[in-house]
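To start, the structure itself, in structure tokens.
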Amino acid sequence: METVLIPNRLIEASQNLSLMGLRLRTLALTKVSLIHYVTGIAPPISISVQEWIYLFPESEQPYRDLTRGLESLLSAKVQFPGQEKEIGFLENGKYIESEGRVEFCFSGEFLKGCL
């Protein structure tokens with residue numbers, strides 16, 4: 001099993017996320033590596049409802065929960081120490097209904113700020 005790096009600043013920044021946002025963030029982190037934090041560039045992350053159900057089998061409405069998680073991440077902002085402005089977690093994100101998945105990109109500024 002691959003080790004997942006969760007920088008302390010990312011944990012602190014996530015305190016205002018909803019439960020679904022926290023779950024989606026945690027699942028997304030399994031797809032981000034140290035080089036992505038260092039460069040501030042990560043490929044688009046795709047998470048299917050099947051992945052969601054596998055990890056969160058108690059989810060009664062997985063499609064709704066997945067989209068609510070994305071909404072939470074899209075609206076999430078953080079202000080790292082030493083920065084004047086808040087930055088968003090994500091550059092963009094969308095729910096692809098026909099495929100039952102969400103796709104999003106973490107903000108480069110956010111990734112770099114997590115280290």
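Small disclaimer: the values here were computed from a predicted structure and weren't measured. Note: hydrogens, waters and symmetry copies are ignored here, and every other heavy atom, side chains too, is used. Counting begins at 1 with the first residue of the sequence.
Summarising the geometry, atom CG belonging to L90 is positioned 5.0 Å from atom CG belonging to L73; distances are rounded to the nearest 0.5 Å. Rounding to the nearest 0.5 angstrom, the gap separating the NZ atom in K112 from the NE2 atom in H36 is 13.5 Å. Here the SG atom belonging to C105 is positioned 6.0 Å from the CD atom belonging to E91, to the nearest 0.5 angstrom. A distance of 10.0 Å separates OG in S46 from NZ in K94, rounded to the nearest 0.5 Å. Rounding to the nearest 0.5 Å places CD of Q61 at 9.5 Å from OG1 of T67. Of the inter-residue distances, the one linking L66 atom CG with R101 atom CZ reads 10.5 Å to the nearest 0.5 angstrom.
Contact check for K85 versus K77: no side-chain heavy atoms found under the 4.5 Å cut-off. The side-chain heavy atoms of K31 and I47, taken from C-beta on, include a pair separated by under 4.5 Å. In this structure, S59 and W52 have side chains that are in contact, with non-hydrogen atoms separated by less than 4.5 Å. Counting only heavy atoms from C-beta outward, the side chains of V102 and I45 never approach each other to under 4.5 Å.
S107 meets the side chain to side chain donor-acceptor pair (under 3.5 Å) test with no other residue; sequence neighbours excluded. Looking at residues two or more places apart in sequence or on another chain, you find a side-chain contact (heavy atoms from CB on, under 4.5 Å) between L55 and L27.
Nearest heavy-atom pair, S72 versus L17, reported as atom, atom and distance to 0.1 Å: OG-CD2, 3.5 Å.
Both L29 and L34 belong to a common hydrophobic cluster when Ile, Leu, Val, Met, Phe, Trp and Tyr are linked at side-chain heavy-atom distances under 4.5 angstrom. The cluster map of Ile, Leu, Val, Met, Phe, Trp and Tyr, joined by side-chain heavy atoms under 4.5 Å apart, puts Y54 and L24 in the same cluster. Note: the hydrophobic cluster containing I96 does not contain L70 (ILVMFWY, side chain heavy atoms under 4.5 Å, direct or indirect links). There is a path of hydrophobic side-chain contacts, each under 4.5 Å, that joins F56 to L19.
The pair E71-R64 fails the salt-bridge criterion, with no side-chain N (NZ, NE, NH1 or NH2) lying under 4.0 Å from an Asp/Glu carboxylate O. Of the charged side-chain nitrogens involved, at least one lies within less than 4.0 Å of a carboxylate oxygen, so that E58 and R23 count as a salt-bridged pair.
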Practice problem: Give the intermediate values and the outcome of side chain to side chain contact (heavy atoms under 4.5 Å, CB included) for residues I87 and V78. | Solution: CA-CA 5 Å; I87 55 172; V78 63; 3.8 Å; yes
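Taking a 6.0 Å sphere around CD of E97, one finds it holds 12 or fewer heavy atoms contributed by other residues, nucleotides or ligands. In Y63, the OH atom is not crowded: 12 or fewer heavy atoms of neighbouring residues, nucleotides or ligands sit closer than 6.0 Å.
Of the candidates F104, F110, F106, F89 forms a ring-ring contact (aromatic ring centres under 6.0 Å, His included) with just one, namely F110.
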